[in-house]
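In what follows, a single structure is set out as structure tokens and then discussed.
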Amino acid sequence: MEAFLNCQIGFSTHKYYFILHDSVLLYCKNKGNRVIGQIHLSIAKVDKRECQINITTGIEKIILLFENNFEKDVWFDCIQKQNQKLHLEDELEKIRSLQYQFESTLKFVNKTIEINPNLNSYSERLQSYGSVFIDKLSEIVDLLYQSAQPEFQSCQSINSIHTQSLKPAPLIKKSQKIKQQQYNLWGNIKNQILNNNIYQMKLPIYLHQPTTMLQQVATQMKYISILDRASSIRDPEFKIALIFGFLISQYSAIPKLLPLLSKINETFEIVDTYKYLSQQINENTIAFYATSPSLDYNGQIEYKFSFDNLILEIYLFKSLFISFKKNLDAYKIYSTNHLISIKNLVSQKPEIVVDGNFIIDFKGNKYEIEIRSNQIKALVGQFSISGTINKLIANNFYNEELILFQKDEKEFEFNKHTSLLPPSDSRFRTDLISMLEGNYYEAQQEKDKMLFEGEFLQSWFNQVQLDQITNPSEKKYDYKGGYFTQSNQ
């Protein structure tokens with residue numbers, strides 16, 4: 001359901017295009033534009049008054065304003081039905097889980113009985129009863145799922161609803177009813193994240209932005225010109241300061257929503273004045289490689305999620321290797337105690353806080369930059385470095401201010417498509433394509449399907465063991481070569 005509506009947020013009134021789907025209310029300036037806000041109605045208090053609906057999440061309040069009570073009642077009823085559907089689908093997931101557990105137990109018991117020939121008759125009887133039970137349970141699940149479907153289309157406009165009579169939701173027979181419990185969206189998400197297998201997280205599509213983890217990591221290439229500049233600098237201290245600027249630049253593009261999780265061996269490439277390739281190595285690691293006329297650049301990033309009190313925390317370990325071609329200078333870079341916190345994830349304005357350290361190892365000398373609550377400082381020889389994740393400057397002995405990095409508001413283009421991309425590229429993902437087209441219902445379905453799909457087979461990175469001078473347990477992935485040659489054929 002969607003329409004242009006007037007709304008009151010704070011003390012100001014706006015007119016936005018609202019979309020209601022799966023108990024999430026989205027709004028943007030115009031139809032097809034980027035979403036600028038969202039409200040998860042399952043954790044909100046919703047009540048109606050004269051020609052208005054009040055929605056309170058505990059963090060923010062928004063008031064939908066209507067020309068008449070008819071429109072108000074239509075929207076309020078649809079919101080209520082979507083919330084009921086969400087509650088029911090949660091219970092259906094529990095039934096499906098029980099069904100899977102029963103099937104697994106049945107197979108195990110069946111194999112045990114088959115070992116003893118004297119129990120063959122019991123085996124056949126158990127299999128027969130078990131098959132009947134599973135079939136009946138499947139019928140109940142399907143019937144309840146059909147009953148949970150709303151009687152309206154998610155993309156139906158308010159104008160078309162004026163000409164229709166709204167039918168009540170189909171009744172579920174008493175024998176088919178499931179005891180409903182209060183659905184705690186964020187508690188469910190927290191439990192899934194704490195399982196440490198992020199690939200099994202069945203999160204709502206509206207918690208994701210229309211990019212993948214691989215594409216998000218690729219935003220580091222937006223400021224590759226900083227390294228090109230560093231390659232021509234003779235002063236080794238200023239060159240290190242510029243490398244720090246490049247490292248900090250990557251935090252200027254932290255998303256306010258979660259990227260879509262990439263499949264194992266999924267890839268993402270960029271071919272510009274440089275060539276860049278990244279690949280999902282395992283559930284928590286991405287390796288990447290880039291080359292340009294001035295440098296070679298490769299590394300990996302490992303990440304882990306935690307979630308509590310509406311704060312999403314991302315723990316990172318990043319290691320990079322930069323080699324400048326002009327003078328063959330090589331730099332090893334690694335992060336320590338890196339934490340990105342996204343507070344008030346469900347609000348209109350989530351707050352992003354970055355903490356951690358980067359260390360550059362150059363010819364046995366180590367240089368460190370410190371990030372504390374988005375504030376940055378470091379000392380590299382004569383250069384005193386300070387700033388934020390949006391701008392970094394260096395002051396020398398003469399108190400000259402040199403800009404190492406400054407955020408560019410121009411958006412990084414992720415989804416340029418060429419005919420030479422391999423099937424493993426992120427841009428072929430059906431959930432991502434559906435999100436970019438604004439079809440969030442299909443995107444949710446395609447995203448859920450990916451949990452049961454296999455991984456891609458081709459790997460472009462080899463794991464190598466670092467020497468004992470560095471951390472023996474540290475992992476490093478080297479680019480095998482051959483990817484861009486293959487893609488050009």
Side-chain angles (χ1 to χ4, degrees), residues 197-205 207-222 224 253 255 257-292 296-303 411-464 475 477-489:
N197 186 353
I198 61 173
Y199 280 81
Q200 298 302 316
M201 285 193 284
K202 197 172 180 181
L203 302 182
I205 196 69
L207 287 181
H208 295 280
Q209 62 171 6
T211 57
T212 65
M213 285 293 293
L214 289 171
Q215 290 176 318
Q216 185 57 42
V217 171
T219 57
Q220 60 188 312
M221 304 310 293
K222 181 178 180 180
I224 192 67
L257 294 173
L258 291 171
L260 294 166
L261 299 171
S262 298
K263 293 173 62 176
I264 305 298
N265 289 332
E266 183 177 323
T267 60
F268 181 70
E269 70 166 78
I270 304 173
V271 178
D272 202 328
T273 56
Y274 57 87
K275 293 180 179 179
Y276 171 88
L277 171 67
S278 61
Q279 185 168 40
Q280 189 78 38
I281 301 299
N282 55 46
E283 295 176 351
N284 304 97
T285 305
I286 291 174
F288 47 85
Y289 164 80
T291 183
S292 75
D296 288 324
Y297 171 67
N298 69 285
Q300 55 276 331
I301 179 170
E302 299 177 47
Y303 50 87
E411 292 189 6
F412 192 71
E413 179 55 60
F414 290 110
N415 295 299
K416 290 181 180 178
H417 200 291
T418 72
S419 59
L420 300 176
L421 293 174
S424 60
D425 194 276
S426 292
R427 282 160 280 207
F428 285 116
R429 288 178 51 143
T430 51
D431 54 350
L432 177 60
I433 293 172
S434 296
M435 288 187 76
L436 292 171
E437 293 175 347
N439 194 334
Y440 285 84
Y441 178 73
E442 283 189 10
Q444 181 70 64
Q445 290 181 315
E446 295 299 328
K447 174 178 172 289
D448 293 343
K449 285 181 186 178
M450 288 184 61
L451 294 174
F452 307 99
E453 293 178 356
E455 61 191 49
F456 295 105
L457 299 179
Q458 180 66 58
S459 175
W460 296 102
F461 292 84
N462 279 328
Q463 182 179 343
V464 296
K475 297 177 182 179
Y477 296 89
D478 277 349
Y479 172 56
K480 292 179 182 180
Y483 173 87
F484 295 102
T485 304
Q486 174 177 290
S487 62
N488 288 331
Q489 291 177 351

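All values below come from the heavy atoms of this structure, side chains included, with hydrogens, waters and symmetry mates left out. Note that the numbering runs from 1 along the sequence shown for the chain.
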| message | I'd like to know whether Glu269 forms a side chain to side chain donor-acceptor pair (under 3.5 Å) with Tyr483, so could you lay out the CA-CA distance, the side-chain angles of the two residues, the decisive distance to 0.1 Å, and finally the verdict. | response | CA-CA 10 Å; Glu269 70 166 78; Tyr483 173 87; 2.4 Å; yes
Residue pair [X] / [Y]: nearest heavy atoms and the distance that separates them:
X	Y	value
Ser292	Thr273	CB-O, 4.2 Å
Gly482	Trp460	C-CZ3, 3.7 Å
Gln280	Ile286	OE1-CG1, 3.3 Å
Thr212	Ser262	CB-OG, 3.7 Å

Under 3.5 Å, is there a donor-acceptor pair between the side chain of [X] and the main chain of [Y]?
X	Y	answer
Lys480	Ser459	yes
Asn284	Tyr303	yes
Glu442	Asn439	no

| said: I'd like to know whether Leu277 forms a side-chain contact (heavy atoms from CB on, under 4.5 Å) with Tyr479, so could you lay out the CA-CA distance, the side-chain angles of the two residues, the decisive distance to 0.1 Å, and finally the verdict. | reply: CA-CA 9 Å; Leu277 171 67; Tyr479 172 56; 3.7 Å; yes
| request: Quick one: do Thr291 and Asp296 satisfy side chain to side chain donor-acceptor pair (under 3.5 Å)? Show the steps, please. | output: CA-CA 5 Å; Thr291 183; Asp296 288 324; 2.7 Å; yes
Is the closest side-chain heavy-atom distance between [X] and [Y] below 4.5 Å?
X	Y	value
Val217	Thr219	no
Asn265	Leu457	no
Thr267	Ser278	no
His208	Asp431	no
Gln300	Ile281	no
Tyr274	Ile224	yes

Which value, rounded to the nearest 0.5 Å, describes the distance between [X] atom [atom1] and [Y] atom [atom2]?
X	Y	atom1	atom2	answer
Gln445	Ser434	CD	OG	9.0 Å
Phe268	Arg427	CZ	CZ	4.0 Å
Tyr276	Phe288	OH	CZ	6.0 Å
Asp478	Tyr289	CG	OH	10.5 Å

Pair [X], [Y]: side-chain N/O donor-acceptor within cut-off below 3.5 Å:
X	Y	result
Gln220	Tyr297	yes
Thr285	Asn282	yes
Gln209	Gln216	yes

| message | With side chain to side chain contact (heavy atoms under 4.5 Å, CB included) as the test, pick out the partner of Met435 among Leu260, Thr430, Thr211. | response | Leu260
| task | Take Phe461 and Tyr477 through the ring-ring contact (aromatic ring centres under 6.0 Å, His included) test and state the conclusion after the steps. | result | CA-CA 6 Å; Phe461 292 84; Tyr477 296 89; 7.6 Å; no
| request: Could you walk me through whether Glu266 and Arg429 pass the salt bridge (charged side-chain N to carboxylate O under 4.0 Å, His left out) test, one step at a time? | output: CA-CA 10 Å; Glu266 183 177 323; Arg429 288 178 51 143; 3.1 Å; yes
| message | Taking the cut-offs as 6.0 angstrom to the six-membered ring centre and 45 degrees off its axis, would you call Lys263 and Phe456 a cation-pi pair? | response | yes
